[in-house]
Participant: 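Once you've had a glance at the structure underneath, I'll fire off some questions.
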Amino acid sequence: MLRTHHCGQLTKGDLGKRVTLAGWVRFYRDHGGVLFYDIADSHGSTQAVFDPEATTSGDLDRLEGVLNSIGREYVVAVTGTVRDRVEGTTDPRNPTGEIEVLIEDAEVLNRSKPIPFEVAEQKNSMLPGEDLRMRYRYLDLRRKEMNANLRFRSRLISSARRFLESEGFMEVETPMLTRSSREGARDFLVPSRTMPGHFYALPQSPQLYKQMLMVGGVERYFQIARCFRDEDSRADRQPEFTQLDLEMSFVDMDDILSMVERMYAFVWKELFNEPLPIPFPRIELKDALSKYGTDAPDVRFGLEMEEVTDLVRAAPYEIFQKVLSKGGMVTCINLKASMLREQDADGAVGRKQVDRLIEWAKGQGMGGLTWMRMTPEGLSSNIVKYFPVEVRKAIAARTAAEPGDLLLFLAGPREGTLKAGGQLRLKLARDLGLLEGKGHQFVWVVSCPLFQRDPATGGLTSFHHPFVRPVGDVIPEGKECATAMGRSYDLVLDGSEIGSGSLRNHDPAMQRRVFSILGMDEATMQREFDFFLEALEYGAPPHGGIGMGIDRLCAMLLGCESIRDVIAFPKNKKFQSLVDGAPTKVEEAKLSELQLLSLAEDDDGA
RNA sequence: GCCCUGGUAGUGUAGCGGCCUAUCAUGAAGCCCUGUCGAGGCUUCGACUCGGGUUCAAAUCCCGACCAGGGCGCCA
């Protein structure tokens with residue numbers, strides 16, 4: 001080892017020891033002869049000091065020469081004696097702040113060019129633009145925060161792995177060069193050299209492989225699986241991502257949900273040393289949509305929507321009547337007076353803020369937003385005269401309105417209105433600080449349909465994917481098949497979907513039936529899924545599982561703005577890897593070898 | 001494919017028609033300083049993304065491109 005201790009290690013218990021530290025020079029200070037260096041590694045930082053009056057090294061001139069050549073982020077090894085700090089010069093913020101190393105020898109292990117942005121923690125955030133951080137990702141990773149993020153991710157995976165192994169799960173790797181399918185997202189294709197004109201696809205998930213592992217008798221499988229989907233990025237989505245993928249045989253839905261819950265409880269204990277309440281609440285999809293306006297609800301604050309369509313039917317309020325006549329709906333959020341922070345409480349949310357909300361609602365594609373305020377005398381607002389007293393009372397009762405509460409109504413086509421209401425909830429929660437101090441909350445979203453209508457084609461598509469086993473193992477005949485429900489479940493954390501799974505079809509006849517409802521004829525089934533349908537023919541056990549997004553999970557638990565902060569080498573919005581410049585053009589010869597011809601516009605002149 | 005936001009020294013920012021020979025901080029280079037710890041003091045260096053246009057005058061307004069991010073679509 002080039003060092004005897006790491007930089008977060010030394011304390012008063014080490015006084016008098018002769019030690020060698022190695023690390024990066026984060027700061028240095030020259031007091032006209034007395035030189036201070038903060039030597040940092042991934043464990044911490046330790047102050048090393050050169051004191052010409054105290055140092056007894058043989059060759060002071062050489063040592064001073066070395067020390068004076070050192071710049072920021074130089075990699076150095078210093079050897080010296082651990083000593084107590086001078087009275088009043090300890091640094092209580094640093095675990096090693098009570099001691100320092102008196103430098104007796106120093107060596108520059110490597111130099112550094114002036115760094116393009118700050119690696120050291122600064123008081124005022126000077127975090128550079130993301131493109132620069134990506135380009136010099138190795139420097140970005142040297143930052144304490146990024147180092148901690150990667151460490152957290154590693155511990156989370158390690159903890160989950162230990163739990164699953166203790167439960168008898170087997171970690172199995174599945175191929176990265178896989179069969180392309182027309183289902184799902186766009187594939188990343190890889191040309192085959194040995195079979196010109198043929199292509200592999202990078203896996204969108206290990207779905208079919210893990211099901212075949214169940215047929216293969218693995219019974220309990222998991223994998224930290226890299227997945228690839230060639231669809232546009234978001235803050236919580238990039239084209240290559242990591243799933244904690246698992247699958248179990250001879251289980252029903254509750255077995256899988258319970259296993260996942262116990263896994264997170266175990267992880268929580270190890271990572272946060274806190275109990276995680278299990279089981280997680282379950283909410284039916286239709287309730288999630290009507291109360292939270294999304295299939296991934298954040299249930300940590302109130303502000304649930306209450307539909308009042310039936311009540312306002314009796315009110316001659318033109319805007320609502322127009323919406324109702326078109327088959328639309330009216331929903332209401334009660335902004336409780338008790339939710340307002342003290343500084344806002346006296347005037348509740350004023351007219352000006354309501355006006356701003358109305359403008360915001362228009363930006364969400366709504367016609368506007370209607371409001372009423374609850375007073376001791378009942379509901380009041382500029383339009384309350386259009387609402388008969390009985391209607392007002394019924395609305396107040398359904399929304400549990402108390403004096404001071406503000407009722408916000410959205411009216412319009414069902415889907416868009418619920419969606420806007422869901423956005424309104426989140427906006428209010430943000431604006432009013434309702435999430436401050438709130439912990440994390442998992443919730444299962446269950447009772448999803450098997451199919452949904454594709455608005456473009458009018459045909460049926462899978463709600464989740466085609467391998468979901470229907471509730472009761474029954475799909476109604478004819479047009480009624482669209483009403484079939486699936487034995488599937490989504491895991492949601494704080495309003496983000498972090499996992500999705502189901503029981504699978506192990507009966508090949510049922511799997512064929514699903515394919516055929518999705519519009520696949522026998523020939524297509526044969527072409528795309530013959531191998532899989534055949535596998536099911538050979539004694540496939542009942543099975544099911546789940547895949548959970550590790551990037552998203554880590555980002556949420558760490559409070560990161562984007563998953564890029566928990567991925568060592570992420571892609572930018574155009575899928576470029578700025579640190580190494582991928583993707584690149586390749587030589588003509590490489591294409592020829594693969595029997596490929598590029599049709600991209602030739603910009604070689606540039 | 002579409003919508004929104006933003007591009008000012010190495011980095012982070014201020015300025016948003018004339019007070020701009022562009023602010024401040026940090027950095028880099030140099031000097032001073034024997035107990036600091038984001039050390040301090042002094043000196044120096046260093047920028048308006050690009051191309052059109054409007055105007056007597058553009059970092060500032062308009063149009064277009066490019067770059068980055070956020071979102072819609074997409075993500076079985």
Side-chain angles (χ1 to χ4, degrees), chain A residues 26-40 45-55 71-73 83 85-94 96-98 100 102 113-136 139-140 181-187 204-205 207-208 227-239 241 363-365 416 419 423 450-452 454-456 459-468 486 488 497 500 502 514-515 518-520 528-529 549 561-562 564 572-574 576 578 606:
Chain A
R26 208 90 328 149
F27 298 105
Y28 54 88
R29 299 171 286 283
D30 179 352
H31 280 257
V34 181
L35 308 175
F36 297 92
Y37 298 87
D38 293 335
I39 316 286
S45 103
T46 301
Q47 173 164 286
V49 60
F50 171 73
D51 185 343
E53 290 179 358
T55 301
R72 280 191 162 202
E73 295 302 319
R83 71 170 188 184
R85 290 216 188 166
V86 175
E87 181 75 26
T89 63
T90 58
D91 182 0
R93 295 168 300 177
N94 191 339
T96 66
E98 295 208 315
E100 64 191 2
L102 180 65
K113 287 168 64 175
I115 46 180
F117 57 83
E118 295 297 318
V119 170
E121 274 200 322
Q122 294 282 6
K123 192 161 150 196
N124 300 318
S125 170
M126 296 226 326
L127 203 56
E130 242 193 328
D131 43 348
L132 204 67
R133 290 174 56 203
M134 297 297 172
R135 164 130 191 259
Y136 299 99
L139 293 178
D140 193 35
S181 154
R182 289 187 310 163
E183 306 297 308
R186 197 177 292 113
D187 280 327
Q204 297 188 19
S205 81
Q207 184 66 34
L208 295 180
C227 307
F228 304 85
R229 294 179 192 171
D230 189 359
E231 300 290 351
D232 290 353
S233 293
R234 290 288 183 280
D236 63 355
R237 207 168 87 195
Q238 69 153 39
F241 57 99
Q364 295 293 305
K419 196 170 175 183
Q423 293 297 318
L450 210 49
F451 304 110
Q452 63 191 343
D454 180 349
L460 290 178
T461 61
S462 297
F463 189 84
H464 279 113
H465 60 55
F467 312 108
V468 175
S488 60
E497 186 199 304
S500 183
S502 71
V514 171
F515 280 148
L518 293 173
M520 257 184 245
E528 305 264 336
F529 293 107
E561 297 278 314
S562 103
R564 280 170 246 124
N572 71 3
K573 219 178 181 196
K574 273 188 183 161
Q576 293 167 303
L578 260 26

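Convention: sequence-line order gives letters A, B, ...; per-chain numbering from 1.
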Participant: Hey, does A:Phe27 reach any base, or is it just sugar-phosphate, or nothing, if we go heavy atoms under 4.0 Å?
Facilitator: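 Sugar-phosphate contact only.
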Participant: Quick one: closest heavy-atom pair of A:Phe36 and A:Val49, and the distance?
Facilitator: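 In terms of heavy atoms, the two residues are closest at CE2-CG2, 3.7 Å.
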Participant: For the residue pair A:Ser45 and A:Arg26, establish whether any side-chain heavy-atom pair is separated by less than 4.5 Å.
Facilitator: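 A:Ser45 does not reach A:Arg26 side chain to side chain.
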Participant: Between A:Glu528 (CD) and B:A76 (P), how many Å, whole number?
Facilitator: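 Whole-Å distance recorded here is 15 Å.
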Participant: How about A:Gln204 and A:His465: do any of their side-chain heavy atoms sit closer than 4.5 Å?
Facilitator: no
Participant: Using side-chain heavy atoms (C-beta onward) and a distance below 4.5 Å, is A:Tyr136 in contact with A:Ile115?
Facilitator: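 Contact flag for A:Tyr136/A:Ile115 side chains = no.
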Participant: Kindly give the heavy-atom pair with the smallest separation between A:Phe228 and A:Phe241, and that separation in Å.
Facilitator: N-CE2, 4.3 Å
Participant: Check this for me: does any side-chain nitrogen of one of A:Asp91 and A:Arg93 sit under 4.0 Å from a carboxylate oxygen of the other?
Facilitator: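 Judged by the 4.0 Å cut-off on N to carboxylate O distance, A:Asp91 and A:Arg93 do form a salt bridge.
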Participant: For A:Tyr28 and B:C33, give me the distance from atom OH to atom C1', rounded to whole Å.
Facilitator: 16 Å
Participant: Please confirm whether any donor atom in the side chain of A:Glu53 sits under 3.5 Å from an acceptor in the base of B:G35, or the reverse.
Facilitator: no
Participant: A:Thr90 near the nucleic acid: base, sugar-phosphate alone, or nothing, with a heavy-atom cut-off under 4.0 Å?
Facilitator: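 Result for A:Thr90 = base.
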Participant: Can you tell me which nucleotide in B:A39, B:G27, B:G12 comes closest to the side chain of A:Arg72?
Facilitator: B:G27
Participant: Does any N or O donor sit under 3.5 Å from an N or O acceptor when you compare the side chain of A:Asp232 with the base of B:G73?
Facilitator: yes
Participant: Not counting sequence neighbours, which residues clear side-chain hydrogen bond (donor to acceptor under 3.5 Å, both in side chains) with A:Gln207? List them please.
Facilitator: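 Residues passing side-chain hydrogen bond (donor to acceptor under 3.5 Å, both in side chains) with A:Gln207: A:Gln211.
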Participant: Using the P atom in both, what is the distance from B:G10 to B:C63, to the nearest Å?
Facilitator: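 It works out to 29 Å between them.
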Participant: Under 3.5 Å for both distances, Watson-Crick or G-U wobble, that's the pair rule; now give the dot-bracket for RNA chain B, with | marking pairs to another strand and [ ] for crossing ones.
Facilitator: (((((((..(((.....[.....)))((((((.......))))))...(((((..]....))))))))))))....
Participant: Report the nucleotide, chosen from B:U34, B:G71, B:G27, that has the shortest atom-to-atom distance to any side-chain atom of A:Ala235.
Facilitator: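 Out of B:U34, B:G71, B:G27, the nucleotide with an atom closest to A:Ala235's side chain is B:G71.
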Participant: Would you mind classifying the nucleic acid contact of A:Pro466 as base, sugar-phosphate or nothing, using non-hydrogen atoms under 4.0 angstrom?
Facilitator: base
Participant: Compare the minimum distances between each of B:G69, B:C75, B:G12 and the side chain of A:Glu231, then state the nucleotide with the smallest one.
Facilitator: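 From the listed options, B:C75 comes nearest.
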Participant: What closest approach, in Å, do A:Ser205 and A:Cys227 show between heavy atoms, and which atom pair accounts for it?
Facilitator: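 Looking at all heavy atoms of both residues, the shortest contact is CA-SG, 3.8 Å.
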Participant: Which part of the nucleic acid does A:Leu132 contact within heavy-atom distance under 4.0 Å: base, sugar-phosphate only, or nothing?
Facilitator: sugar-phosphate
Participant: Is the shortest side-chain N/O distance from A:Arg234 to OP1 or OP2 of B:C72 below 4.0 Å?
Facilitator: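 For B:C72, OP1 or OP2 has a side-chain N or O of A:Arg234 closer than 4.0 Å.
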Participant: As a test of reading the structure: which of B:U36, B:G10, B:U34 is closest to the side chain of A:Asp51, going by heavy atoms?
Facilitator: B:U34
Participant: Mark yes or no for a side-chain to base donor-acceptor pair under 3.5 Å between A:Arg564 and B:G69, with no hydrogen or angle criteria applied.
Facilitator: no
Participant: Please report, rounded to the nearest Å, how far the C1' atom of B:U13 is from the CG atom of A:Leu127.
Facilitator: 14 Å
Participant: Over all strands shown, is A:Asn94 touching base, sugar-phosphate only, or nothing at heavy-atom distances under 4.0 angstrom?
Facilitator: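 No contact.
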Participant: Between A:Gln47 and A:Lys574, who's closer to the 5' end of RNA chain B by nearest nucleotide?
Facilitator: A:Gln47
Participant: If you look at every strand shown and take non-hydrogen atoms under 4.0 Å, does A:Asp38 touch a base, only sugar-phosphate, or nothing?
Facilitator: sugar-phosphate
Participant: Rounded to whole Å, how long is the line connecting atom CG of A:Leu208 with atom C1' of B:A76?
Facilitator: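 Taking atom C1' of B:A76 as the reference, CG of A:Leu208 is at 11 Å.
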Participant: Using centres under 5.5 Å plus planes under 30 degrees as the test, is A:Phe36 stacked with B:U36?
Facilitator: yes
Participant: For the pair A:Asp38 and A:Arg29, find out whether any cationic side-chain nitrogen is under 4.0 Å from an anionic carboxylate oxygen.
Facilitator: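 Yes, A:Asp38 and A:Arg29 are salt-bridged.
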Participant: Please determine whether any donor N or O and acceptor N or O are separated by less than 3.5 Å between the side chain of A:Asp30 and the base of B:C33.
Facilitator: yes
Participant: Where each residue is assigned the nucleotide of RNA chain B containing its nearest heavy atom, which of A:Lys573 and A:Val49 is assigned the position nearer the 5′ end?
Facilitator: A:Val49
Participant: I'd like a table of atom pairs between the protein and nucleotides 46-48 of chain B - only N or O on both sides, under 3.5 Å - with the distance next to each one.
Facilitator:
none

Participant: Separation of A:Tyr136 atom OH from B:G27 atom C1', in whole Å?
Facilitator: 14 Å
Participant: With a non-hydrogen cut-off below 4.0 angstrom, is A:Lys419 in contact with a base, only sugar-phosphate, or nothing?
Facilitator: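 Counting heavy atoms under 4.0 Å across all strands, the contact made by A:Lys419 is with sugar-phosphate only.
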Participant: What contact category does A:Arg93 fall into here, base, sugar-phosphate, or nothing, at under 4.0 angstrom with non-hydrogen atoms?
Facilitator: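 A:Arg93: backbone/sugar contact only, no base atoms under 4.0 Å.
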Participant: So, does the side chain of A:Arg229 form a donor-acceptor pair with the base of B:C74 at under 3.5 Å?
Facilitator: no
Participant: If you define the side chain from C-beta out and look only at heavy atoms, does anything of A:Leu102 sit under 4.5 Å from A:Asp51?
Facilitator: yes
Participant: Taking only the C1' atom of each, what is the distance from B:U13 to B:G46 in whole angstrom?
Facilitator: 15 Å
Participant: With no angle test and no hydrogens, is the base of B:U36 tied to the side chain of A:Arg85 by a donor-acceptor pair under 3.5 Å?
Facilitator: yes
Participant: Do you know which two heavy atoms are closest between A:Lys573 and A:Ser233, and how far apart they sit?
Facilitator: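 Looks like CE-O, 4.1 Å.
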Participant: Classify the nucleic acid contact of A:Glu100 as base, sugar-phosphate or nothing, counting any heavy atom under 4.0 Å across all strands shown.
Facilitator: base
Participant: Mind checking whether A:Asp140 and A:Phe117 have side chains closer than 4.5 Å, heavy atoms only?
Facilitator: yes
Participant: Please determine if A:Glu231 and A:Arg186 form a salt bridge, counting it only when a charged side-chain N lies under 4.0 Å from a carboxylate O.
Facilitator: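 A:Arg186 and A:Glu231: salt-bridged.
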Participant: Would you indicate what A:Glu183 reaches in the nucleic acid, counting non-hydrogen atoms under 4.0 angstrom: base, sugar-phosphate, or nothing?
Facilitator: base
Participant: Within this structure, what is the CD-to-C1' distance between A:Gln452 and B:C75, rounded to whole angstrom?
Facilitator: 12 Å
Participant: Taking atom types as they are modelled, would you say the side chain of A:Arg83 forms a donor-acceptor pair with the base of B:G35 within the 3.5 Å cutoff?
Facilitator: yes
Participant: Rounded to whole Å, please give me the gap between CD in A:Gln204 and P in B:A76.
Facilitator: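 Whole-Å distance recorded here is 7 Å.
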Participant: Expressed as a whole number of angstroms, how long is the span from A:Glu73:CD to B:U11:P?
Facilitator: 17 Å
Participant: Indicate, with a heavy-atom threshold strictly under 4.0 Å, whether A:Gly129 touches base, sugar-phosphate, or nothing.
Facilitator: sugar-phosphate
